[in-house]
Each structure stands twice: as structure tokens, then as C-alpha cells.
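Below is one structure, written out as C-alpha cells, with a few remarks after it.
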Amino acid sequence: MFLSELGSGWHDARIKPDIVHLDSASAGRSSNAVIEAISGQLWEESKRGSYAAMAAAEEDLAHGSRELAGLIGHQPDELVYRDTGRAALRALLGVANLPMSSTIWVARNEFGPNLVEFERRGYAVHTLPQVDVYGHVDTDALENMLQFEQPEFIHVCQIGSASGVVQPVAEIVRVAHAADVPVVVDMAQSVGHVPTVTGADVVYGTSRKWLTGPRGVGFAAVRPDSRLHVDIADMAAGASSGFIAGRLGLGVAVAELVGMDPAGVFDELAAIGRAMRERLTGIAGWEVLEPVDEPSALITLAPPPGFEAADVDAVAVHLREAGLLVTAGGAERAPLMLTNSVLRLSPHLDATREDLDRLAAELRTTGC
Ligand SMILES: *Cc1c(COP(=O)(O)O)cnc(C)c1O
């Protein structure tokens, strides 16, 4: 039985999977319509020539951009496409061209590879204070800090890669803007998953995770009044030689989400996350790392005492062999927060009660 009333429609829009797919945070399952949009465009490219096919798809591309822009609170002409989320961040840092001495403030759940991008450019990175053990940003403390010091920008993963914690981005933006500090939001794990209209100066994300678009498409958007000065045309340079069929597929995926009513989808995903955390609390020494009612469907479990990274990897392999697709996330995904690997579960709308029972039963055989 589907946990969500949206589950059967979402499930029926896709081919039947071979596994119980609990890995949307790596890559969500695309619908048949998304796959058809992509393959249809690839056939057109071969028939007419790639650029002619792109011109013929102009209206569909524009429609997709409007839907995506609406979802993240931007205008279509504020959007640029890159190949991945990371490429979008690199393009941003490339055109922002900050001085070497720049300081960036990040939250506890910052994505490790983003830190690598900051560090390789010589930026100093400071971690924002947290208001609880889960790593939510303490916005009161932030407001105070900003009276004494201002970073070049604040960078927040609305949701990180190895934690289902949802950062209070709108509130962070409010206090940062009061101090005239720009906010950049990594939406790779949040777009299509939780509300993403935040008022941030710059946002970026990826197609393939919760939006269930194809791999190979990332995007960024910059507000016209962004406090971080970036030339959007510069950031877009070369995008027309990118994966146009993928952009069309992403547009279809976003239109499907919008057609279901995003607010309802986000509520259902939060309810699935809660049901899963409730079900998995207290199993064989595994520890749920988010508050049970954190409004996301990304669930992380810390291993029982004595488990090392290789043991967590082995459990993920065991679960896969039992037909349950999950990720073993290394501490390097969230190095400011984790010292050991975690098991990451990221169901989408078609999660069922039986999936939960199977997962719980398998986990029970692995712990202590
Ligand atoms: C996946 C992810 C990214 C990078 O997205 P890609 O499209 O893989 O480059 C960035 N930040 C977070 C939090 C992610 O989970």
C-alpha cells in the first residue's frame, strides 16, 4: 500500500523498477514521459541536425524554463543551465571572481565537494552556529554575528547530501539581507523536495535527484538585484552546446510536479519521511539523525557503535542484494557534521508500507 495518495499515479507514470528504489537523493526515477521527451529530441537531432532541432524545440524549452523558474521563485531570464549542480557552482565562482581573501559562511550540513571548491580558490570558510544537535542554523546568533562581521556571502545547502535537515533559508536570507550580505543556496537536494522560493540572491541545483529529470543537467538562477555581482550571460556561456534533450526532459519533469501541485507533493514527501523515521527508530542500534518530523524524505541512519565506514558500505551492499537500493554516504559528504559513514534512504512518492517493513526487517539482521 502506498504511503501517499499521490503514490500510485507517480508509480504508474514510470516503468516498474527491479528494486525498491530508496535513492532519490542520488538520482530519482524519471517518468516515461520524461524519457520520451529526451529520446524524441535525440531522434529529431539526428533527423534535422542538432541546432535545427533545438530551434524547433524553442517553445518547449521556454515552457520548461518558466516552470522551473516558478518553482524556485525566479524569472525565466534569470536561469542558466550547466551540466551539473557542481558545474553551476563552478561557473558562479568563476564569474563572481572574488578576492582570494574572501570569507564564506556555511552551515553545518555543507556538502564536502562544495568546501573543496571554496578551499581551492583560497576562500576562508567559517561554520555558522547551530541551534540544535541536528545542525539547523541559529538565525538569532547569525543576526548578531552579522552586526560585527560580514562575509562575501553566506552559502547554504537547503538540504545537504548526508542529512535530511532542512535549513531555514528564508529566515537566513532575511537576516543576511538586513546586513546587506548575499546568500547563495545549494538546492541540489531540495528542489522538487521542499518549498524552494527563498528570496536568495543566487540558487543552483540539479535535475536528476528529487525532480526526477535526467542526469547531466544542472541550473543556476541569479536575482536581478543580487548583492553578489555575477553576469548571468557570462555564466551561461556555452550552454547552447549542452544537453538540450536533457533540458527538455527536465522541463517535462518539472511540469509533472507542477501539475501535481508542488505544495501537496512536499507535504506528502515530508509525511513519508516521518513515517520512515518512526518505523526505523530504535532498530538494532541504528540511529535516526534527523528529528522524526523534519519535513523532508531524506533519512539518515548512523550505524551502531563499532561500525566503520566499510561496515556501512557492506550493509548498503547487503540491502541492495536484498532488493533495496540505498546509499552508504561517507563522512566526506558532510565533513563539518559527520565523522563516520551513514546509511541514506531517500524514498519518493511511491514508497509503500511493505518497503518500510522489508527495510526494517533487513536492518534488524545487520545491527547489534
Ligand atoms: C548532488 C549534490 C550536489 C551536486 O550536484 P551534481 O549535479 O551532482 O553536481 C551539490 N550539493 C548537494 C547537497 C548535493 O547533494
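Whatever order the structure lists them in is the order used to number ligands and atoms, beginning at 1.
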Should we say atom CD of Glu354 is surrounded by more than 12 heavy atoms from elsewhere, each under 6.0 Å from it?
-> yes

Quick one: does ligand 1 sit under 4.0 Å from the side chain of Arg86, the backbone, both or neither, non-hydrogen atoms only?
-> both

Taking non-hydrogen atoms only, is Asp186 closer than 4.0 angstrom to ligand 1 via side chain, backbone, both or neither?
-> side chain

Taking atom 7 (O) of ligand 1 as the reference point, the nearest protein heavy atom with its distance = Thr206 OG1, 2.6 Å

Between atom OG of Ser207 and atom CZ of Arg215, what is the distance when rounded to the nearest 0.5 Å?
-> 10.5 Å

Ligand 1 atoms nearer than 4.0 angstrom to some heavy atom of Ala188 are 2 (C), 3 (C), 10 (C), 11 (N), 12 (C), 14 (C)

Test Tyr134 against Ser163 for side-chain contact (heavy atoms from CB on, under 4.5 Å), laying out the working first.
-> CA-CA 9 Å; Tyr134 304 107; Ser163 157; over 6 Å; no

Looking at the rings of Phe307 and Trp286, which for Trp means the six-membered one, are their centres under 6.0 Å apart?
-> yes

Shortest reach to atom 14 (C) of ligand 1 by a heavy atom, considering only Lys209, Arg82, Arg208, Arg215 = Lys209

State the CD-OG distance between Glu110 and Ser161, to the nearest 0.5 angstrom.
-> 11.0 Å

